[in-house]
Novice: 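Submitted below is the structure of interest, expressed as C-alpha cells.
Below, chains carry the letters A, B, ... as their sequence lines are ordered, and counting in each starts from 1. Reckoned from all heavy atoms, side chains included, excluding hydrogens, waters and symmetry mates.
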Amino acid sequence: MAMSAKYREFTGLNLPAFEAEVLAQWTEKQAFEKSVSLREGATPFVFYEGPPSANGMPGIHHVISRTLKDLVCRYKTMKGFQVKRKGGWDTHGLPIELGVEKELGITKEDIGKKISVEDYNKKCREAVLRYKDKWDEITKKMGYWVDLNDPYITFKNEYIETLWWLLSELYKKGLLYESVSIQPYSPAAGTGLSSHELNQPGTYKDVKDTSAVAMFRAVQDDKSKFLHDAVHGAEVFFMAWTTTPWTLPSNLGLTVGANIDYVLVKTFNPYTHLPINVVLAKALLGKYFKEEGKDGDFDSYNEKVKLLPWSVIAEFKGSQIEGCEYEQLLPYEANSLKVIEELTPGAKPFRVLVDSFVTTEDGTGIVHTAPAFGADDYKVGKKYNIGILTMVDREGKFVDGLGEFSNRYVKNYKDEKDYVDVNVDISVKLKKENRAFKVEKYEHSYPHCWRTDKPVLYYPLDAWFIKTTAIKDRMVELNKTINWKPKSTGEGRFGNWLENMVDWNLSRSRYWGTPLPVWRTEDGEEEICIGSIEELNRGIKRASEILGGDVNKNYLHEGILDLHKPYVDDIILVSKSGKPMKRVPDLIDVWFDSGAMPYAQWHFPFENKETFKQSFPADFIAEGVDQTRGWFYTLHAIACLVFDSVAYKTVVSNGLVLDKNGNKMSKRLGNVVDPFKTIETYGADATRWYLITNASPWDNLKFDIEGIKEVQRKFFGTLYNTYQFFALYSNVDGFAFKEAYIPLNERPEIDRWILSSLNTVVKKVNEYMDDYEPTQAGRVIEDFVDEHLSNWYVRLCRRRFWKGEYEQDKICAYQTLYECLETLTRLIAPISPFFSDAVFQNLDAVTGRFNAVSVHHVDFPVANEAVIDELLEERMQLAQDASSLVLSLRKKVNIKVRQPLQKVLIPVLSTSMKEQLQKVEDLVKAEVNVKEIEYLSPDNTFISKKIKPNFVALGKKLGPKMKAVSAALAQFTQEDIALLEKEGQYNLSVDGEPVILQIAEVEISSEDIPGWTVANKGSLTVALDVTVTPELEAEGNAREFVNRVQKIRKDKGFDLTDRVEIKVLAPGGLKDSLAQFKTYICAEILADKLEFVPEIQDGIELDINDVLLNVIVSKKG
RNA sequence: AGAUCCGUAGCUCAGCCUGGUUAGAGCACUACACUGAUAAUGUAGGGGUCAGCAGUUCAAAUCUGCUCGGGUCUACCA
C-alpha cells in the first residue's frame, strides 16, 4: 500500500461522495473477495443468504435485513472467521407467473391454449431476473458484501436435481404422500395455497359478508317423532347459520354436538310471519329471541308487531336428534339425489350428524355441513357417508344446473363492476320461501389470497403432502437449541406454530416451478419417485426399449435438458410390471425451493460433498419476521426431515419497517421509502447506522428521514470533525506514529482516561456483537464519540496539539488521539463500512501500522483490560460534573468563561472523594477558567448539610416504620446531622420505640454554603467566588483581545503557523491590561511584535469588554 | 374470537427483569454563551397524571389483575 506523508484532509462531510470513492477502491482491489481469501484456513462462520426474488423492486425493508446480515458477516470476518456468502435468487412461483400473465394479458386458463406451456415458461424465465440490475445496484450501494458472481439460482437443473433428491429421500422414508383434502384455494390465482402462504401477514382481513340463518325442514319419521308430536304434527325446522350462503346448494348434512342442549321453539318467521317451530341450541336462544317475547301473545301477532313471541316446547340433547332426516334446502338438477348417488354410491345425505367440533359460541349450535367446502365438514361427512357435492368450479363460479344461480361467481373474483352478490340473492330466495329466519351483514375475519387479495375458499383438491407431523416432536426439540433473536419469536411465534403444525401441502397446480418427480401408472397401482437426472435418463431409455414406438424419442439422444414443464411431462417411464407411467401434474411449493438452499446451492449430494459438510448447518441467518413461517420454517423442516439437524444455529428476525407515523408502507398509501434515493442523498453509512441504532432490529422501525439526518450530523459529523482536527495538526507537526509507543504511565491523566474509556467501549462492543445486539453496540460507540472523545478529550486537549514544540506531551496527545480514531474505525466498520474504511485508510496510509488495503481485512479491536481504570473513569466523571456546575454558575451571574475567576469551593464528603478530585483539578481549572480549587473537609461547620434515608438499606430493616423515620430525618437540624456524623449512629424514637440509625443507613450531602453561589448535582456541590478583582479583569481583557485577534487571523486566511506583527491603539486602562500580559498574548497569537502606537490608520476596531480599541494585524515577511 | 408484544416529553428512545423517593438522553423549540474542530459545542428554560383503574408494599414507571388503545400472530370457525 502506498505510503503518504500527510493525512488526507477532507473538504467537507459528504458521505455519498466518500462512498462512491470507497466503492471504486473495493472493486479495483477486490476488497470483498480478499476479505474472504485472507481468512483461508480459518474457522468458517457459515451464513446463508435467503434468496430474494428479483422480479420486484428492492425496498427499504430489504436494506435493514441486509444491513443486519452484512454487519454480522463483516464482524465475524474481523474476528478471524472465514465468512463465505454465496448469494442466490428465488426464481420460481406464483408472483412471477402472475406478473407474466398480467404482462401478456392472459389468465391461467389461457395457458396451453393461447400460449404454449413452453413459451409461457420461457417468458417466466425471462421475467425472473427483471430487476436484477436494480438489486445489484442496491447491493453495491448499500455496501452489502455477498458473492453474486456464482449465485445459486432455483430454476437451474442442478438446483432442481437436489430438490428431487430430497423429495426422493422423503418418499423413501414414507414422508411424501398424496391425499384428497379440503384446502385453501384461491380461485383468482387458480391454485391451492399452503398453510404458510395462508399465514403470510395480512391474509386475514375483516370483511362484511351476508350471513343467513337457514331453516331446514325436518322429515316426519320415527327419529323426529318426538319433535313433531310436541307440536302436534306441525312443521319443524332445524336452524343453521352460515356466512357463506353459496355453500348451501352443496349442503348434505347438519351437525350438532352430542352433549349440547337444544330446544324446540314455537314462534313466527319474522319475514313471512308464518307460525313456525324451530330447533336450535338452548345457549343461543338469546341471540334470536328477546326475553320480553317469551311466552308472548301469539294470537295477536301480525306483520306489524315487532316483538316476536316465542315459547320453548321441548328440550333435548344433540344426541337425541342424531340421524333425523330433513328436506334438501335448495334442490336443483345438479345437486339431485341421483347426482349424489352417482358421485358417491350408497351415500345417505340430509341427516343430522354429531361431532365434537360444534360449539355454542356462534350461530345456532347446528352447523350447516357442506363436505366440499370445509375441513371439518369433509371429515364428518366421510364418517357418516353423506356424499360430497362441489357445486362451485375452480374458477369460483357455480356449475350448470343450479337454476338461476348457475354460472354465477360466488365472490367477486373478476373485479366485475356490476357484480351482484349471489349470496344476497340466495338469502332473498330463502326469505321468500320461508326458509330463512335471519339474514344480516356479518363482519368477520376471513383469509385472502396473499397474492391476488381475493377471498380464499376451501375446496377439495388432490394434493401431495410432506408428513411433517411425523417428526413434530423432534422439530420442537431441535428448535429449542436455536438461538433466536429475539427469543420470544422462537419460543412464542415459531414454537406455537410448530406445536400446531399440520402436514406441509406441497402441491401447486401451476406451470413455472419445480415439477414433482413422481410418475405413476394410469390405474394408480404403481409409482416411482425420481431422485436424479441420471435415474430419469435411465428410465427414459428403459421405457423406450420396453414400450417401443415413439416413446421418449426426443429424449433418447441427449437425455432431458430442462427439468421444467412441458418437457418433464413428455417423459413416459415404465413400471416394474411393464406398464407406462406418466408424471403426476403437480409442481411443488416454492418454499421448498428456498428451504432446500443449504443443499441445493451446492448441488449436494451430486457435487461438493465436502463443501456442504463444512457449511451445514448455518451459524447465522437473518430475515424479516414475516419469514418465520416462510423460510425459517421450511429450512427447519427440511433439515429435520432429511438430516435430523437444525439448519441454522442463530437466527435474527427483524421487524417491519413502518412509515414515520407507524403505518405500514404500501404503494396505495404512497408512503414507500425509496432506498436508492435515501442512500444517494444521505449515504449508505448514515442509513445503515440509523436503521441499526434507532431501535432493536426486531422492533418495528418507524422510518423517519429526519433520523438519518440526525445520525449524519451528530455521529458522522462529530467523528469527521475529530478526524479533521487530528489531520490538521498532525500534518503541521508531521506526526506519523514513528516514535515508540509511550507507556501509559508516562502519559497525562486525560490520555489514560480516554484510553481507559476506549477500552471499556471496546469490551462492551465485543460483548454486544457476540450477543447479536448491534443496536446496543452502536449506541455505546455513539456515546463514546460524542460525550467522551469529542466533547471532552479533544475539547480539553486542543491546546496540547497547537501549542508548544513537538515533544513528549504533544506526542502523547497524538498517539492517544490516533489510537482512538484507529480503534473507532475498526469498531464501526461492520455497521458503517464506507466511512470507516475511508478514515482508516487515511490513517494507515501515513503510519502504515496495519499496512492493510481495507479496514475490513484487519482484526476487530480487543479490549486491553489492563488499560481500563474504573477509578479514573469515575473521577473524570466528577471533573465533568464539576465543570458543568461551575459553568452553570457563571451563567447564573453572567460572567463569561473568558473572564478568569479566583476560586471554586468544593465540599468533599470523604478523603477518597478529595483525592479523586485533586487528580483532575487542573482539568477543571482550565475548563472553567478558575485559578484555584479549595476543598472543604467533611468536619467543617461552614456548609449546611442535607440528610435523607438510604431507602434500600433502611427499608428492609424498618419496614412499616420507614415513613416515620423518613419524616423524622426531614426534621433533622444541622446539629443532629453533625452528631450523627461524629458518633456514627443516632438514637431515634419512633412511635415510642427506639430506632438506632447507622451512618451507612443515611445519605448526607452538602446543600448550601452561606454567602456563596452554589450548585449541586448528586452528592457533588460547588461554590464559586464571583469577585472580579482588577487583576483578574486585566487578564480577562487580555484573553478577550487574544480571541479577537485570532478571529482576525482566521478571517484574513492566515495559515495556522504564520507569524504576525501587531499594532494597537488602546485607551489607557485597556492598554495597561494588554501590556501586562504581553508575553502571554504574543505566544497565543504567534505575534513576534506587539506595538502600542499613538495613532492608527485603517485599523480594525474591536470592542474589548465595552472598551473600544484599534488594531492592525499583519503577516510577517 | 383467542394468543402475544407494546403504550414513558411534540418526535425517537433509555429505565422495568432485580420496586427505593427530583423519571433520563438525543432531536425539535426559546434565550444566552463558547469556539484556530465551525454542517460543531456549552449553559439555561418550557415540555411527563410513565395509557387508565384497582391491588400487593413502608415504598410502584418497575410486581399482579382488569380496562382502553395499537401492532403482530393464530383459527375448520359453521
Novice: Can you find a heavy atom in the side chain of A/F238 that is under 4.5 Å from one in the side chain of A/T364?
Specialist: no
Novice: With respect to the side chain of A/N791, which nucleotide from B/rU41, B/rA14, B/rA78 is positioned closest?
Specialist: B/rU41
Novice: Rounding to an integer number of angstrom, what distance separates B/rC11 and B/rA75 when you compare their P atoms?
Specialist: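 Between the two P atoms, the distance is 36 Å.
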Novice: Return the nucleotide paired to B/rG47: Watson-Crick means purine N1 to pyrimidine N3 with N6-O4 or O6-N4, wobble means G-U with N1-O2 and O6-N3, both under 3.5 Å.
Specialist: none
Novice: Aromatic contact between A/F10 and A/Y723, with the criterion being ring centroids under 6.0 Å apart: yes or no?
Specialist: yes
Novice: Between B/rU4 and B/rC50, how far is it from one C1' atom to the other, in whole Å?
Specialist: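 Here B/rU4 and B/rC50 have their C1' atoms 22 Å from each other.
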Novice: To the nearest Å, how far apart are A/W792 CH2 and B/rA40 C1'?
Specialist: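 Value for this atom pair: 17 Å.
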Novice: Can you list everything that forms a side-chain hydrogen bond (donor to acceptor under 3.5 Å, both in side chains) with A/Y793? Sequence neighbours excluded, please.
Specialist: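 By the side-chain hydrogen bond (donor to acceptor under 3.5 Å, both in side chains) rule, A/Y793 matches A/D751.
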Novice: Send over the distance from A/F703 CZ to B/rC11 C1', rounded to a whole Å.
Specialist: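 Taking CZ of A/F703 and C1' of B/rC11, I get 15 Å after rounding.
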Novice: Do A/F18 and A/L13 make a side-chain contact, defined as non-hydrogen atoms from C-beta onward lying under 4.5 Å apart?
Specialist: yes
Novice: I'd like to know if A/T247 reaches the base of B/rA78 with its side chain, counting only an N/O donor and acceptor under 3.5 Å.
Specialist: no
Novice: Considering every strand and a 4.0 Å limit on heavy-atom distances, what is the contact class for A/F373: base, sugar-phosphate, or nothing?
Specialist: nothing
Novice: Restricting both atoms to N or O, compile the protein contacts to nucleotides 55-63 of chain B shorter than 3.5 Å, with distance only.
Specialist:
{"residue": "B/rC58", "atom": "O4'", "partner": "A/G959", "partner atom": "O", "Å": "3.4"}
{"residue": "B/rC58", "atom": "N1", "partner": "A/G959", "partner atom": "O", "Å": "3.3"}

Novice: Measure from CG on A/N654 to P on B/rG71 and round the result to the nearest Å.
Specialist: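 Answer to the nearest Å: 20 Å.
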Novice: Find the partner of B/rG7: check Watson-Crick (N1-N3 plus N6-O4 or O6-N4) and G-U wobble (N1-O2, O6-N3) distances, both under 3.5 Å, and reply none if neither fits.
Specialist: B/rC68
Novice: Does A/K382 have any salt bridge (charged side-chain N to carboxylate O under 4.0 Å, His left out) partners at least two apart in sequence or in another chain, and if so, which?
Specialist: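 For A/K382 there are no salt bridge (charged side-chain N to carboxylate O under 4.0 Å, His left out) partners, ignoring immediate neighbours.
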Novice: Determine the Euclidean distance between corresponding C1' atoms of B/rG42 and B/rC6; express it in Å to zero decimal places.
Specialist: 37 Å
Novice: Can you tell me the pairing partner of B/rG19 across any strand shown, Watson-Crick or G-U wobble, with both distances under 3.5 angstrom?
Specialist: none
Novice: On RNA chain B, compare the nucleotides closest to A/T369 and A/Q776; which residue's is nearer the 5' end?
Specialist: A/Q776
Novice: Strictly below 4.0 Å: does A/S884 bring a side-chain N or O up to OP1 or OP2 of B/rU43?
Specialist: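 Answer is yes, contact under 4.0 Å.
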Novice: Could you give the CD-to-C1' distance, from A/Q880 to B/rG42, as a whole number of Å?
Specialist: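 Whole-Å distance recorded here is 13 Å.
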Novice: CG of A/L719 versus P of B/rU41: gap in Å, rounded?
Specialist: 13 Å
Novice: With rounding to the closest Å, how many angstrom separate the P atoms on B/rA60 and B/rG47?
Specialist: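 About 25 Å, rounded to a whole number of Å.
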Novice: Measuring only the C1' atom in each nucleotide, how far is B/rG20 from B/rG15? A whole number of Å is fine.
Specialist: 14 Å
Novice: Is the shortest heavy-atom distance from the side chain of A/N423 to the side chain of A/D209 under 4.5 Å?
Specialist: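 When only atoms from C-beta onward are counted, A/D209 and A/N423 do not touch, as no gap falls below 4.5 Å.
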Novice: Would you please indicate yes or no on a ring centroid separation below 6.0 angstrom for A/F632 and A/W484?
Specialist: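 Yes, the ring centres sit under 6.0 Å apart.
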Novice: Can you tell me the base-pairing partner of B/rC13? Count Watson-Crick or G-U wobble geometry only, both distances below 3.5 Å, and say none if there is no partner.
Specialist: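 Pairing partner, where one exists within any strand: B/rG24.
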Novice: Between B/rC32 and B/rG19, how many Å separate the two C1' atoms, rounded to a whole number?
Specialist: 41 Å
Novice: For B/rC63, give the paired nucleotide (Watson-Crick: N1-N3 plus N6-O4 or O6-N4; G-U: N1-O2 and O6-N3; both under 3.5 Å), or none.
Specialist: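 Paired with B/rG55.
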Novice: Across all strands shown, which nucleotide pairs with B/rC34 by Watson-Crick or G-U wobble geometry, both distances under 3.5 Å?
Specialist: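 The answer is none; no pair meets the criterion.
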Novice: Taking only the C1' atom of each, what is the distance from B/rA61 to B/rU72 in whole angstrom?
Specialist: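 After rounding to an integer number of Å, I get 25 Å for this pair.
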Novice: To the nearest Å, how far apart are A/R799 CZ and B/rA37 C1'?
Specialist: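 The distance from CZ of A/R799 to C1' of B/rA37 comes to 15 Å, rounded to the nearest Å.
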Novice: B/rC77, OP1 or OP2 - any side-chain N/O from A/Y458 closer than 4.0 Å?
Specialist: yes
Novice: So if I define the base as every atom that isn't primed, P, OP1 or OP2, how would nucleotides 22-34 of chain B read as a B/S/- string at a heavy-atom cutoff under 4.0 Å?
Specialist: S---SSS---BSS
Novice: Quick check: are there more than 12 heavy atoms from other residues, nucleotides or ligands sitting under 6.0 Å from NZ of A/K764?
Specialist: no
Novice: Please find out if less than 6.0 Å separates the ring center of A/Y682 from that of A/Y690.
Specialist: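 For A/Y682 and A/Y690, the ring centres are not under 6.0 Å apart.
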Novice: Can you tell me the distance, in whole Å, between the CG atom of A/L789 and the C1' atom of B/rA40?
Specialist: 14 Å
Novice: Do A/F726 and A/Y7 have ring centroids that are under 6.0 Å from one another?
Specialist: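 Judged by ring-centre distance (under 6.0 Å), A/Y7 and A/F726 do meet the cut-off.
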Novice: From the list B/rA78, B/rA14, B/rA37, which nucleotide is the closest neighbour of the side chain of A/R779?
Specialist: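 Nearest nucleotide to the side chain: B/rA14.
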Novice: Listed by chain and number, what are the salt bridge (charged side-chain N to carboxylate O under 4.0 Å, His left out) partners of A/R1059, not counting sequence neighbours?
Specialist: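 Partners of A/R1059 by the salt bridge (charged side-chain N to carboxylate O under 4.0 Å, His left out) criterion, ordered by chain and then number, come out as A/D1088.
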Novice: Not counting sequence neighbours, which residues clear side-chain hydrogen bond (donor to acceptor under 3.5 Å, both in side chains) with A/E9? List them please.
Specialist: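 If we apply the side-chain hydrogen bond (donor to acceptor under 3.5 Å, both in side chains) test to A/E9, skipping adjacent residues, the hits are A/N731.
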Novice: Judged by each residue's nearest nucleotide on RNA chain B, which is more toward the 5′ side, A/H368 or A/L13?
Specialist: A/L13
Novice: Mind checking who B/rA75 pairs with, Watson-Crick or G-U wobble, both distances under 3.5 Å?
Specialist: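 Pairing partner, where one exists within any strand: none, as none qualifies.
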Novice: Roughly how many Å apart are B/rA25 and B/rG69, using the C1' atom of each and rounding to a whole number?
Specialist: 27 Å
Novice: So, is A/T718 near the phosphate of B/rA40, with a side-chain N or O under 4.0 Å from OP1 or OP2?
Specialist: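 Answer no for this pair, as no side-chain N or O of A/T718 is under 4.0 Å from OP1 or OP2.
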Novice: Applying a 4.0 Å non-hydrogen cut-off, can you work out what A/F1054 is touching in the nucleic acid: base, sugar-phosphate, or nothing?
Specialist: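 Result for A/F1054 = base.
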Novice: May I have the distance from A/R795 (atom CZ) to B/rU43 (atom C1'), rounded to whole angstrom?
Specialist: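 Nearest whole value for this atom pair: 11 Å.
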